[in-house]
Number of protein chains: 2
Amino acid sequence: MEKHIPVSISKQALQRMPYYLQALRAARDSGAEIISAPTVAAQLGLNEVQVRKDFASVSDTAGKPKTGFQTSELISAIERTLGYDNSNDAVLVGAGSLGRALLSYRGFEAYGLSIVTAFDVDPNLTGGEISGKQVLPMNKLESICRNMNIHIGIITVPASQAQSVCDALVGSGVLAIWNFAPVHLNTPDGILVQNENMAASLALLSKHLSERLGSKLND
Amino acid sequence: MEKHIPVSISKQALQRMPYYLQALRAARDSGAEIISAPTVAAQLGLNEVQVRKDFASVSDTAGKPKTGFQTSELISAIERTLGYDNSNDAVLVGAGSLGRALLSYRGFEAYGLSIVTAFDVDPNLTGGEISGKQVLPMNKLESICRNMNIHIGIITVPASQAQSVCDALVGSGVLAIWNFAPVHLNTPDGILVQNENMAASLALLSKHLSERLGSKLND
DNA sequence: TAGATTGTTAATCGATTAACAATC
DNA sequence: TAGATTGTTAATCGATTAACAATC
């Protein structure tokens, strides 16, 4: 009956954390040792109460009335919450155009993610390397994941194959899946699927444009 | 005072549309001329009332009790809503590792997005091509956007430059911004910013893992 | 007919925001 | 001190879900 995590953080709040982090680091780098919630809120276009609550949910040191919060303290509190300190290894399945893109993208290390290998069904790709990372055949998936203790799988295969790849990953001990295929994946309880569905983003962009431009064109 | 759009669709509902589309197309391709809301709901792990409401919000033909909805009718209703029929041109700013990745990604056309050119500050890149798309210097941004009537800008520059690039895009007549930089962008009213913040996604993955693995390791 | 499915109204749920006393 | 900022409780808001009558 030990509850070490005091406040559980909502999904939404968690997703705001990287924005706080970015703003706080910028503030620190320009010399602000102390920062107030209203300041951050204004910068990020958020409500100040929300910012205060979010800060309270990750940090155990309270803010000081009239002054604010200690910048460096908040930064490390958020980094601790997000686990950017301990690096997470991941495998990527699907070395197509998007897969290759992610393999060569150098931005993930900053967030503690490192893609260790890629897998693909195409025998023309397997055995080779992409951006210094090996591309292995699918039958090596389970042994690699088990041996290297990998718990994150990145899916960049076509929609039609995503579910079977997902099943294979789950069967190999993966606990969290970053899904770039525009499909819903069914998984057992306890497995997190984070969808990075570009189609969903484009849906919003496209709708906004048709609303802004549509009326003019139709008249 | 003409209201042609009857029901306004929530952001969340809009983001579910691509999933419906994928599921409906798959159903149609395997011969299902009629499909029911409970079927789709089960497949996508959603509530069936939600699915019915979502369908009702895009389609003007009602479903038939006991049978369901006409698959093809729903598909075209969603496509119409998302504007996948009319293609949207976009420019991309920042031909770094992520920018190049998106330029070479062939998956966007299916959603009606076509990236026509890229821009970058680096004189080593400008003048060249990436995946058959020209890379132009920043001072050409406004004229290109104006002449080609471009309303979508994709930002793949480092966080520190994202805001100024955003301002330049807005100043060039862009109405919707797809932002891959892990920063909040301030924009005037009427401009849509869709954030594709990988850091925010990683935050969720990372938290889930530390919850699943953390307790074991700490004991 | 019987029963699955539809559309809709009302209840629930969770997150955001407003109000306000406490404090440095 | 005066006033900006904090933390917290209560109100609001919006989306999801439950309940149910209508219908083929």
Side-chain angles (χ1 to χ4, degrees), chain A residues 5-17 19-20 23-24 27 32-74 77-78 81 184 195 200 203-204 207, chain B residues 5-17 19-20 23-24 27 32-74 77-78 81 184 195 200 203-204 207:
Chain A
I5 304 122
V7 201
S8 78
I9 306 165
S10 78
K11 200 178 147 175
Q12 285 92 330
L14 214 43
Q15 300 216 67
R16 283 191 291 270
M17 293 300 160
Y19 290 97
Y20 292 138
L24 293 170
E33 289 177 28
I34 300 278
I35 195 161
S36 77
T39 308
V40 174
Q43 228 174 89
L44 299 183
L46 300 172
N47 180 286
E48 60 173 80
V49 181
Q50 187 171 61
V51 174
R52 268 205 295 279
K53 283 201 169 178
D54 286 349
F55 284 178
S57 72
V58 294
S59 173
D60 27 39
T61 27
K64 283 213 177 74
K66 166 100 176 170
T67 43
F69 300 80
Q70 238 197 321
T71 318
S72 61
E73 166 59 33
L74 269 183
I78 294 176
T81 312
H184 169 80
N195 293 300
L204 293 182
K207 194 76 200 324
Chain B
I5 304 122
V7 200
S8 78
I9 305 165
S10 78
K11 201 179 146 175
Q12 286 91 330
L14 214 43
Q15 300 216 66
R16 283 191 290 271
M17 292 301 160
Y19 290 97
Y20 292 138
L24 293 170
E33 289 179 27
I34 301 278
I35 196 162
S36 77
T39 307
V40 174
Q43 225 173 94
L44 300 183
L46 300 172
N47 180 286
E48 60 173 80
V49 180
Q50 186 172 61
V51 174
R52 268 204 295 278
K53 283 201 170 177
D54 286 349
F55 284 178
S57 72
V58 295
S59 173
D60 27 38
T61 26
K64 284 213 177 75
K66 165 102 177 169
T67 43
F69 299 81
Q70 238 197 321
T71 317
S72 61
E73 166 59 33
L74 270 183
I78 294 175
T81 313
H184 171 80
N195 293 299
L204 293 182
K207 194 75 200 323

### Message
Rounded at 0.5 Å granularity, tell me how far OG1 in A:Thr67 sits from CD in A:Glu33.
### Response
12.5 Å

### Message
Measuring from atom CD of A:Gln43 to atom CD1 of A:Ile35, what distance do you get when rounded to the nearest 0.5 angstrom?
### Response
6.0 Å

### Query
What is the distance, rounded to the nearest whole Å, between atom CZ of A:Phe55 and atom C1' of D:dG7?
14 Å

### Separation of atom CD1 in B:Ile35 from atom P in C:dA4, rounded to whole Å
18 Å

### Message
I'd like to check the side chain to side chain contact (heavy atoms under 4.5 Å, CB included) partners of A:Glu48; sequence neighbours left out, ordered by chain and number.
### Response
A:Pro38, A:Ala41, A:Arg52

### Query
Between A:Ser59 (side chain) and A:Ala77 (backbone), is there a donor-acceptor pair under 3.5 Å?
no

### Query
Which value, rounded to the nearest 0.5 Å, describes the distance between B:Lys207 atom NZ and A:Leu14 atom CG?
6.0 Å

### Query
Starting at NZ of B:Lys11 and ending at C1' of C:dA15, how long is that distance when rounded to a whole Å?
14 Å

### Task
Pull out every stem in DNA chain D, meaning runs of 3 or more consecutive Watson-Crick or G-U wobble pairs with both distances under 3.5 Å.
C:3-24 with D:3-24

### Query
When you measure from the side chain of B:Ser57 to the backbone N and O of B:Ile9, does any donor-acceptor pair fall under 3.5 Å?
no

### Task
Could you state the atom-to-atom distance from CD of A:Gln15 to C1' of C:dA15 in whole Å?
14 Å

### Task
List the protein contact pattern of nucleotides 16-24 of chain D with one symbol per nucleotide (5' to 3'): B for base contact, S for sugar-phosphate-only contact, - for none; contact means a heavy-atom distance under 4.0 Å.
SBB----BB

### Message
I need the B:Thr39 OG1 to B:Ile34 CD1 distance, nearest 0.5 Å.
### Response
11.5 Å

### Euclidean distance, A:Tyr20 OH relative to A:Asp54 CG, rounded to 0.5 Å
3.5 Å

